[in-house]
Amino acid sequence: MPGKLKAKIVAGRQLPVMDRASDLTDAFVEVKFGNTTFKTDVYPKSLNPQWNSEWFKFEVDDEDLQDEPLQITVLDHDTYSANDAIGKVYIDIDPLLSSEAATVISGWFPIYDTIHGIRGEINVLVKVDLFNDSNRFRQSSCGVKFFCTTSIPRCYRVVTVHGFVEELVVNEDPEYQWIDRIRTPRASNEARQRLISLMSGELQRKIGLKVLEMGGNAVVGYLQCFDLEGESGLVVRAIGTACTLDKLSSLPTAALPACNSPSRDMKESPLAQGPSHGCRSTHSSPIHTAAGSRLSQGFSVSVPTLIFTGMGSGGSVGKEGGPLKTLLRQQTQTALEQREFPFFTLTCFPPGFLVHVGGVVSARSVKLLDRIHNPDEPETRDAWWEEIRQEIKSHAKALGCHAVVGYSESTSICEEVCILSASGTAAILNSRFMQEGCLDSYSEHRLEEPSPPSCGFCHIPYDELNMPFPTHLTYCYNCRRQKVPDVLFTTIDLPVEAAITGKGCLIQARLCRLKKKAQGEANATAISNLLPFMEYELHTQLMNKLKLRGMNALFGLRIQISVGENMLVGLASATGVYLTALPSPGGIQIAGKTPSDIAYEQHISNMQKKINDTIAKNKELYEINPPEIIEEAVGSPIPEPRQRSRLFRSHSESSDEVWELDLSHGKKDAFVLEIDDTDAVEDIHSLLTDAPPPVGFYSCNTEIMPGINNWTSALQMFTSVRVFRLSNVNMTNQGLNKIFNELCENLLKSLYFKLRSMAPCCLCHLNFVVAVPEEDLIQVAVTAVAMTFDKDQNQENWKPSTDKMLMKAISENEEQLQFPLELCTESPSSQPFSPSKGTGLQDGANVHNTSARATSVDYSSFADRCSTWIELIKLKAQTIRRGSIKTTSSQEKASPLPEGRSRSLRSTKSCSGSTVSVVKMTPLPFLPGTKIVKYLGIINMFFIRETTSLREEGGVSGFLHCFIAEVFSMVRAHVAALGGNAVVSYSMKECVFMENPNKNQAQCLINVSGDAVIFVRESELEAPTAPPHTSVAQNAGSGADGTT
Amino acid sequence: MEIMSVELDVFVGNTTIMDEEVYQFWLDGYTVSDAVKVRMEGGVLEECEASAEVLQSDTMDQYRTFQMCERLLHTPAKLANQLLFQIPPHRQAMLIERYYAFDSAFVREVLGKKLSKGTKKDLDDVSLKTGITLKSCRRQFDNFKRVFKVVEELKGPLVENIQTHFLLSDKLARDYAAIVFFANNRFETGKRKLQYLSFQDFAFCAGQLISNWTVGAVDNMVEDMDVDLDKEFLQDLKDLKILITDKDLLDQHKSLVCTALRGKTKVYSEMEANFKNLSRGLINIAAKLTNTKDVRDLFIDLVEKFIEPCRSDRWTAADMKLFLIHYTNSAHILDTFKHQVTWDRYMGVIKSCILKMYHD
């Protein structure tokens, strides 16, 4: 019996009236975990019941702790008939299972009902006591930390990056079970919510096991997705990057740059790594037998995939070549070669990790869904993904790369057809991160003289003689020693150290293609026939738009292709930037048909002028004025060969050949638009209709806006959803494209308008998700964050506030900070991934734990034992210093018997102020001007909402508006209950909306995730003696909640 | 032919975005399309390079947000403790203050009326008359009624109760106190002769009455202390009659006032000629206040019996002030007049009310 879960139901407030006669409610609560249920007493005739229940104790396996959510149901007691359910709260207790995350969950949770939405709130306290589990064959993976963040979390140091972990679990969708015919939709949706919560827990546990097996203690870039396959089932799958993370220590000695004692941490680590085998080996664990050769049931089409870099299309296999490259490859391959999939879901890397970037690799495959017969052996789905990953891997190899970074997977399902997509960026990584105890000096480049970090990643990883695709190579405009392509596309964030010119901007390619309605194989074939064309067109659009902005590289590229009954919709988003290392892009030339009349010539020259003007305007707008070092090189991507080779001959042994190669591929062919082609007319039109953002606005889809560093603290995360109905009989592809293009542009315009009061600001991480929910419907959902920046501040002045220069920032900060660092105290020798955090001793210190939390101080088990009295002193000191009622109330909460006084406290509070603490949300991994001092655990929530009174709830917009607001509020409540004040790396993974206006019905499913954190303002950290006001006040606030 | 229509369009921020201008349109009962029209004319479009479509979408969205918040605004204390919308405290205060703000034209129409269903039914007439949309009239009326209902049962000072329950500013809370006070005592304010008085005139008078004539003026821990007039005091007012029924007292009083005013005012002769009438007017009002009906007519009586005669004699405000001061003070010198305390409590309020009401 490895764990004890304890829950206490304190109170409720603003409950709905359940008894029309008395206008009151007789509420009681059922607390359920696994198969055990407890009940509170009925609190009669009140909308604000005070249950103050005993501690309900559940003795459970830690496996269950990971899988199951705590289920709280609030009911109205009815003497004569069945009790009516008011609503439910699901609490994921996973954050309590990691020693470094939260220690208690305590706060007001919205009571949620799938039909009525939020109906009042309930105050709950939850704790877990874990007992040491030495069983090596355990099924649980308690203690493995999960992060949605796709970079190394801000208060950790990466010791080792182990690599790719993946897992999927399948089940039948309750909505499609036979029982669904007799039960209510409400019961069915509740069953789905519960099932998905369970499946997520199970999935996380299984991924955790793989991580432990690899010797890691954390998953970074954890990406979990649902596939609602309808009849054929429900798939929950996840990918991530297994790492060994080390919490940054406050001790000055430990804060020394890690290079001084590279392997010390690892030696002391109780879980010395085994041979770094690939994650795939776990696949033969009893959980899940390895997939056989059966690749698919029914039908499957693998789509020929394009490899993006430069302008080319069509991949070819590159041969190994070039002595330097080979050596480099050998060096790094040792660390990666055993791995089946050297993939990394990270998009941001510690400096020096990324050596070279090859370009985007992607693969798509069209599958026909069939019922999953045995949920315990989801081998078909596994095999599908394996196939895709193999393809990605081979593409990466073709680019001369041994790894794929910024890797992600997605699906689009329509009826029984499913498009599986995967994409990433082929790269060469520095092996030292992949080996034990290796994160140390930068001087470890042994074979190759180090490329400057500002351009090194741009240098081609593939061999010049056997280029995988046609591209123009030039010498790096930054260091002039290595070759670079003329254009670079990637799925990752712009490396922090990259040298850029000017600012970046959002670039989108949009495309719709009509498709005949069909069934089964015919449908799948039709779709797979369309896919390559769509990819090609999206790519061309991206390239043209990039050139139009005078830029030469794309970061954060994400291409979605969504399938509907009668059309395919493609949306590619990326952030364009001018990499100083790459040549200046040439213009766009319009070529007319063979000579014709004068009017036509005139037309063409007009268009050409328009395009040239736009380019000039954009260059000004985005401040792209590359230093003009070599006159002849600027403005012409292909410098005159002889001169260049003369200039650089000494640096390279193979430069001459390159020029031959260049010439063999012609000049600017790719950027000539033939006007006689109707598509080209459309292209030009769409090029020119993309309006730049209004004055004072910038936008990007990456985490960091290239060229803006001086963020100020204002922040607004938002979600916007639009659904468009196409009501036309004879729609053409062109017409459809135009509509879709306008629709995206208008949505952007609306966002700028909404946020106009924040200008100057930047919309970061603009994440568009398109779907075709029904015939003739297009849904676009956007989640992003608007952040203000200081327009006047010189760029040089920016502080390490964004933690961008990770290593540098950390060491600097640590020198600056004194008190705050205690917040992250973790003795270096303590077990960073200790699977249990409860011992007899700790149990006794529970009270102090709680009080520690109230001031947001994190103590590891070691610190706990020896410093509880220090806590008390500190707490008292703070109370005295602050002398406020709030601090007192937080202490109140820490005391185990708060009931008596709490009510009087509340009554004074209810008049005076809010008990709701502010929780910030952002899709980025950081909050400007703040430092994240603690990660409290992953937030992964799934909700279903339905209505049978759509008109009464304000129509579809009213319904969805309310639901999204409810989801936000539930996320905030859970974070606050964990003691946090922000969610970082937030994302809305799924927003499936279905309506039936004729029946006055609608339904929506939303899945969101992120990392709950505690941050403190840097301004507060800078004053060494100042206590972290934010977190104290914050927790005092939530502490007060706990007592009410 | 429209080939595409927006079926659904929502924007939800983690911090709820609310445009004050749009909020005002919503409060004023504008339809979305009217609000869009006004906004277009306002030039917000050129400022932000937006289109009419964008404005329409934004306005719809804001209206929806306000509608969702409205339930909370009915019990403003809930706004601070709800979890659904994350709104910074100063924005919450703005939302509440604006929601409870009212049009003076509207309040003049319902001031002193019973806040009943019947009155609510007549709101379309009020709307027609004032040009305020029916929607806005209803909101304002419901606000009055809601505040009335909540504070009706509470102990303690009226203004303070309104402030704690509705989180209003001091000024607005005082206005509401006046509205509640007028509604409770059903003061007549609608007569033609009272039309020249503004809500602020009445609100001032209400303030005077609340702080001097109610139960709360003597005891501050009873229910309805600030809404009900002090019955004992009203009873005592009958004693003042002696000032007009006793001929000697009346003459003495007159001569004292005349002595004091001689040479200090241009309307001396008119005052002298009218003194007895004016004094009778004021004291008869006092003596009748035990009747609820006459309490209701307090203001109309003040106008008819006192203000109008003075006005027709072209008294200036300064004349009025001078007269009332000496009229009040001279009574203290009357040695047979024993009801000085009641007199001061009565005349203190009457004096300030008349001075406030004495304008065109």
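Proteins get letters first, then strands, A, B, ... in listed order; numbering begins at 1 in each.
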Please look at [X] and chain B and tell me whether the side chain, the backbone, both or neither of the residue comes under 4.5 angstrom of a heavy atom of that chain.
X	answer
A:Leu755	side chain
A:Phe968	side chain
A:Tyr986	neither
A:Leu743	side chain
A:Glu995	side chain
A:Val782	neither
A:Glu742	neither

Hey, what do you get for [atom1] ([X]) to [atom2] ([Y]), rounding to the nearest 0.5 Å?
X	Y	atom1	atom2	answer
B:Asp9	A:Ser750	CG	OG	6.0 Å
B:Gln82	A:Gln14	CD	CD	8.0 Å
B:Phe11	A:Thr719	CZ	OG1	8.5 Å

Which pair of non-hydrogen atoms, one from [X] and one from [Y], has the smallest distance, and what is that distance?
X	Y	answer
B:Leu83	A:Ser969	O-CB, 2.9 Å
A:Arg972	B:Asn14	NH1-OD1, 2.8 Å
B:Phe85	A:Ala965	CE2-CB, 4.4 Å

Within residues 53-65 of chain B, which positions have a heavy-atom distance to chain A below 4.5 Å?
->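 From residues 53-65 of chain B, the residues near chain A are B:Glu53, B:Val54, B:Leu55, B:Ser57, B:Asp58, B:Asp61, B:Gln62, B:Arg64, B:Thr65.
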For the pair [X] (side chain) and [Y] (backbone), establish whether a donor and an acceptor sit closer than 3.5 Å, ignoring hydrogens and angles.
X	Y	answer
A:Arg13	B:Asn81	yes
B:Gln86	A:Val918	no
A:Gln716	B:Thr15	yes
A:Ser720	B:Val10	yes

Answer key: most heavy-atom pairs under 4.5 Å with chain B among A:Lys749, A:Glu121, A:Glu966 is A:Glu121
So which of A:Asn746, A:Val785, A:Val721 has the biggest tally of heavy-atom pairs under 4.5 Å with chain B?
-> A:Val721
Residue list, side chain to side chain donor-acceptor pair (under 3.5 Å) with [X], at least two apart or on another chain:
X	result
B:Glu41	none
B:Lys171	B:Asp175
A:Glu745	A:Arg510

Around atom CZ of B:Arg91, are there more than 12 heavy atoms of other residues, nucleotides or ligands at under 6.0 Å?
-> yes
Is the number of heavy atoms from other residues, nucleotides or ligands under 6.0 Å of B:Tyr30 OH greater than 12?
-> no
Pairs of heavy atoms under 4.5 Å with chain A: top-ranked of B:Ile17, B:Thr16, B:Leu84 =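 Top count of heavy-atom pairs under 4.5 Å with chain A: B:Leu84.
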